[in-house]
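Have a look at the structure below before the remarks.
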Amino acid sequence: MRTQVAIIGAGPSGLLLGQLLHKHGIDNVILEARTGDYVLGRVRAGVVEKGTADLLAEAGAGDRLKREGLVHDGAEISFSGERHRIDFRELTGKAVVVYGQTEITRDLMDGRKATGGKTIYEAADVSLHDFDGNNPKVRYRKDGVEHEVACDFIAGCDGYHGISRRSVPSSSIKTFERVYPFGWMGLLSETPPVSHELIYIHHTRGFALCSMRSPTRSRYYVQCDAGDMTENWSDQRFWDELKARLDQKGRDELVTGPSIEKTIAPLRSFVAEPMRFGRLFLAGDAAHIVPPTGAKGLNLAASDIHYLSKALAEHYTEKSSAGIDGYSTRALARVWKAERFSWWMTGLLHKFPDTGEFGEKMQLAELEYLVSSKSAATALAENYVGLPY
Ligand code: APR
Ligand code: PHB
């Protein structure tokens, strides 16, 4: 088989790239290790920047988000038992849309089906070859048969655990990493959200977050120990812990119910540099991970794909390599800013095992400053709604 761009991974990055390339008339094939249902089974963050929403619309996958997405003009921060609102709209003129990543993936998959794009699910043992020359290839096995895809470019959109980044010689890549000493225990329930906007909670017992997927479906998180397991968290224990971290109004208004899903996520900051190796490009989680505080993961994947799809379109339609040559630098400039924001928000709101009472006093001083200074609140708001591309 031959294609112009072989895309590894059918998560949001790979699917979005596939649809944008299709729009530009660029032939592409997606190779995905798992089944479509498995990909749709993963529950992830749900805050969409305007730039991401626009890109999804450009890819023909923005209709449902526009109809069903919940526009949030602000969010609340709770500390010392009081809630304070950060008004994104007033401070930046922009808002975010709350819409689950699972739904985004579903919309992109539907779009791909409608445009006849080729996705090979359950592609085993994917391997990348010759991307340092002009004729890269990807090999994989499907139903016991070996296949080869010859292509012009390979897009490594296969997430943190994928094969693309690991196919690069270690002397050509530098990685930067910070692992946080705690995790997030997340619970999804068919209950109305405790508030119409998100609440980020700083508490002496640890961080908590009240989020949502719809007016009838809530997503809540509590900071837990690194290495903790969902089996240790009965629904009752989760609700009790969330209540203990909420303010009085939240405690009074919280509607609890049986969990539909529970997961523990570790928290990590990670960046691989560069993001291009000859004819191989890395995008999304394959190149970088942010801790979930601030929900930048999907939005960063989208900005990578924006730069990459433009670069490839330029290559094919204008015969210019400027976009391709500049991809890594442009993408990384935005990546590092989102890494900084996610790291900062994580540091501000979580209980750290090693910083003691002094660390907590610093957090409270910064939180007080944040809610009393328009400049500080604006700095949070403009990062939260998304920095420009
Ligand atoms: N071969 C083929 N496919 C693979 C391989 C492989 N060797 N390894 C992984 N994959 C697939 C995974 O099964 C997954 O479906 O690549 C896909 C990668 O998807 P994601 O992990 O969702 O990564 P990405 O598309 O970059 O999405 C970024 O997802 O993890 C969140 O916070 C992150 O919101 C961000 C978004
Ligand atoms: C979520 O809804 O899953 C979510 C929202 C905001 C975050 C992180 C996760 O900062």
Side-chain angles (χ1 to χ4, degrees), residues 6-18 29-48 52 70 72 75 77 96-102 104-105 108-109 119-128 138-142 154-167 184 186-188 193 197-201 207-214 217-221 261 263 265 267-268 270 282-305 308 338 341-342 345-346 349 383-384:
I7 300 172
I8 320 295
S13 301
L15 288 165
L16 181 59
L17 179 63
V29 173
I30 302 182
L31 302 175
E32 164 59 50
R34 317 299 291 245
T35 64
D37 283 344
Y38 176 89
V39 174
L40 283 176
R42 294 183 290 215
V43 178
R44 273 139 171 206
V47 178
V48 179
T52 305
L70 308 170
H72 282 204
I77 298 199
V96 292
V97 179
V98 173
Y99 186 72
Q101 185 175 316
T102 313
I104 290 179
T105 309
L108 285 165
M109 277 182 178
T119 309
I120 296 159
Y121 285 99
E122 297 182 274
D125 295 335
V126 171
S127 58
L128 285 58
V138 179
R139 301 202 182 104
Y140 66 98
R141 201 159 33 79
K142 168 91 182 169
I154 304 173
C157 300
D158 48 351
Y160 180 67
H161 299 286
I163 188 68
S164 300
R165 190 183 65 252
R166 284 184 285 130
S167 303
W184 278 20
L187 179 146
L188 191 66
E197 289 179 339
L198 270 56
I199 313 174
Y200 287 86
I201 303 166
F207 170 76
L209 169 62
C210 304
S211 182
M212 64 192 72
R213 290 292 175 271
S214 76
R217 186 172 274 207
S218 299
R219 180 72 168 163
Y220 296 110
Y221 299 93
E261 194 264 0
T263 17
L267 271 72
R268 177 194 302 274
F270 173 87
L282 299 181
D285 277 18
H288 41 73
I289 296 286
V290 286
T293 333
K296 288 294 167 214
L298 170 75
N299 293 299
L300 260 196
S303 62
D304 289 353
I305 297 303
L308 184 54
F341 177 65
S342 308
M345 231 181 140
T346 301
L349 295 168
N383 280 278
Y384 198 93

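All figures in this text were calculated on a predicted structure; none of them were measured in a lab. Whatever order the structure lists ligands and atoms in, that order sets their numbers, starting from 1.
The contact set between ligand 1 and L298, taken as ligand atoms under 4.0 Å from a residue heavy atom, comprises 34 (O), 35 (C). The distance from ligand 2 to the heavy atoms of L198 drops below 4.0 Å at these ligand atoms: 5 (C), 6 (C). For ligand 1 and G284, the ligand atoms under 4.0 Å from any heavy atom of the residue are 26 (O). Against a heavy-atom cut-off of under 4.0 Å, V39 is close to the following atoms of ligand 1: 15 (O). Atom numbering of ligand 1 starts at 1 in the shown order; those under 4.0 Å from a heavy atom of I163 are 7 (N). Of all atoms in ligand 2, listed by their number and element, those nearer than 4.0 Å to a heavy atom of W184 are 8 (C). Heavy-atom contacts of I8 reach the following atoms of ligand 1: 1 (N), 2 (C) (cutoff under 4.0 Å). Close approach to G294 involves these atoms of ligand 2, each under 4.0 Å from a residue heavy atom: 10 (O). The ligand atoms of ligand 1 that sit less than 4.0 angstrom from a heavy atom of R34 are 13 (O). Against a heavy-atom cut-off of under 4.0 Å, G11 is close to the following atoms of ligand 1: 15 (O), 17 (C), 19 (O), 25 (O). Those atoms of ligand 2 that come under 4.0 Å of a heavy atom in P292, given as number and element, are 7 (C), 8 (C), 10 (O). Interface atoms of ligand 2 facing A295, defined by a heavy-atom separation under 4.0 Å, are 6 (C), 7 (C), 8 (C), 10 (O). The ligand atoms of ligand 1 that sit less than 4.0 angstrom from a heavy atom of G159 are 18 (C), 21 (O), 23 (O). Near G46, meaning under 4.0 Å from one of its heavy atoms, ligand 2 places the atoms 1 (C), 2 (O), 3 (O). Interface of V47 with ligand 2, defined as ligand atoms under 4.0 Å from a residue heavy atom, comprises 5 (C), 6 (C).
Shortest contact from atom 1 (N) of ligand 1 to any protein heavy atom: V126 CG2, 3.6 Å. Scanning the protein heavy atoms around atom 26 (O) of ligand 1, the nearest turns out to be S13 OG, 2.7 Å. In terms of protein heavy-atom proximity, atom 28 (C) of ligand 1 is closest to D285 OD1, 3.5 Å. Nearest protein heavy-atom neighbour of atom 2 (C) of ligand 1: A33 N, 3.3 Å. Scanning the protein for heavy atoms near atom 20 (P) of ligand 1, the closest one is R44 NH1, 3.6 Å. Counting protein heavy atoms only, atom 13 (O) of ligand 1 is closest to E32 OE2, 2.6 Å. For atom 9 (C) of ligand 1, the nearest protein heavy atom (residue, atom name, distance) is D158 O, 3.1 Å. Annotation: atom 7 (C) of ligand 2 to nearest protein heavy atom, Y200 OH, 3.3 Å. Counting protein heavy atoms only, atom 8 (N) of ligand 1 is closest to G162 CA, 3.5 Å.
At a 4.0 Å heavy-atom cut-off, ligand 1 touches L31 through the backbone alone. When non-hydrogen atoms are compared, ligand 1 lies under 4.0 Å from the backbone of C157 (N, CA, C, O) but not from its side chain. Only the side chain of S211 comes within 4.0 Å of ligand 2, counting heavy atoms alone; its backbone N, CA, C and O stay farther away.
Here the side chains of R213 and L188 are in contact, with some heavy-atom distance below 4.5 Å. Using a 4.5 Å heavy-atom cutoff, the side chains of L267 and T293 are in contact. D285 has its side chain out of reach of S13: every pair of non-hydrogen atoms, C-beta onward, lies at least 4.5 Å apart. A 4.5 Å side-chain heavy-atom check between T105 and R44 finds every atom pair outside the cut-off. C210 is listed as a side-chain neighbour of I201, based on a closest heavy-atom distance under 4.5 Å.
Taken to the nearest 0.5 Å, the NE2 atom of H72 stands 7.5 Å off from the OG atom of S211. With values rounded to the nearest 0.5 angstrom, Y200 atom OH is found 9.5 Å from Y221 atom OH.
Minimum heavy-atom separation, P193 to S214: CG-O, 3.6 Å. Scanning both residues, A75 and E197, for their nearest heavy atoms gives N-OE1, 3.9 Å. Contact record, I289 with R268: CG2-O, 3.3 Å, taken as the closest heavy-atom pair. Between G14 and I30 the shortest heavy-atom distance is O-CD1, 3.5 Å. What you find for A10 and T119 is that their closest heavy atoms are CB-CG2, 4.2 Å. Here the shortest heavy-atom pairing between A286 and G156 reads CB-O, 3.5 Å.
For Y221, a nitrogen or oxygen atom sits less than 3.5 Å from a nitrogen or oxygen atom of ligand 2, counting backbone and side chain alike. Considering backbone and side-chain N/O of M212, none are found under 3.5 Å from N/O of ligand 2. Considering backbone and side-chain atoms alike, T293 places every N or O at 3.5 Å or more from each N or O of ligand 2. Any N or O atom pair closer than 3.5 Å counts here, and R213 shares at least one such pair with ligand 2.
Distance alone, capped at 3.5 Å, places no donor-acceptor pair between the D125 side chain and the R141 backbone. Remark: the backbone N or O of Y121 is paired with a side-chain donor or acceptor of K142 at under 3.5 angstrom.
Summarising the contacts of atom 29 (O) of ligand 1 with H161, Q101, R166, the nearest heavy atom is found in Q101. Proximity annotation for atom 4 (C) of ligand 2: of L188, T346, L209, L209 comes nearest, heavy atoms only.
Look at Y99 and you'll find every heavy atom at least 4.0 Å from all atoms of ligand 2. Under a 4.0 angstrom heavy-atom cut-off, P12 registers as being in contact with ligand 1. Remark: distances from the non-hydrogen atoms of M345 to ligand 2 are all 4.0 Å or more. Residue contact check for ligand 1: R42 places a non-hydrogen atom closer than 4.0 Å to it.
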Please assess F207 against W184 for the test side chain to side chain contact (heavy atoms under 4.5 Å, CB included), listing each intermediate value before the final yes or no. CA-CA 9 Å; F207 170 76; W184 278 20; 3.2 Å; yes
Passes side chain to side chain contact (heavy atoms under 4.5 Å, CB included), M345 versus N383? Steps please. CA-CA 10 Å; M345 231 181 140; N383 280 278; over 6 Å; no
Under the side chain to side chain contact (heavy atoms under 4.5 Å, CB included) criterion, do V47 and L198 qualify, and how do the steps go? CA-CA 10 Å; V47 178; L198 270 56; 3.9 Å; yes
Would you check, one step at a time, whether the test side chain to side chain contact (heavy atoms under 4.5 Å, CB included) holds for M212 with L70? CA-CA 9 Å; M212 64 192 72; L70 308 170; 3.7 Å; yes
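The pair R42-E261 fails the salt-bridge criterion, with no side-chain N (NZ, NE, NH1 or NH2) lying under 4.0 Å from an Asp/Glu carboxylate O.
Checked against side-chain hydrogen bond (donor to acceptor under 3.5 Å, both in side chains), T102 has no partners two or more places apart in sequence or in another chain.
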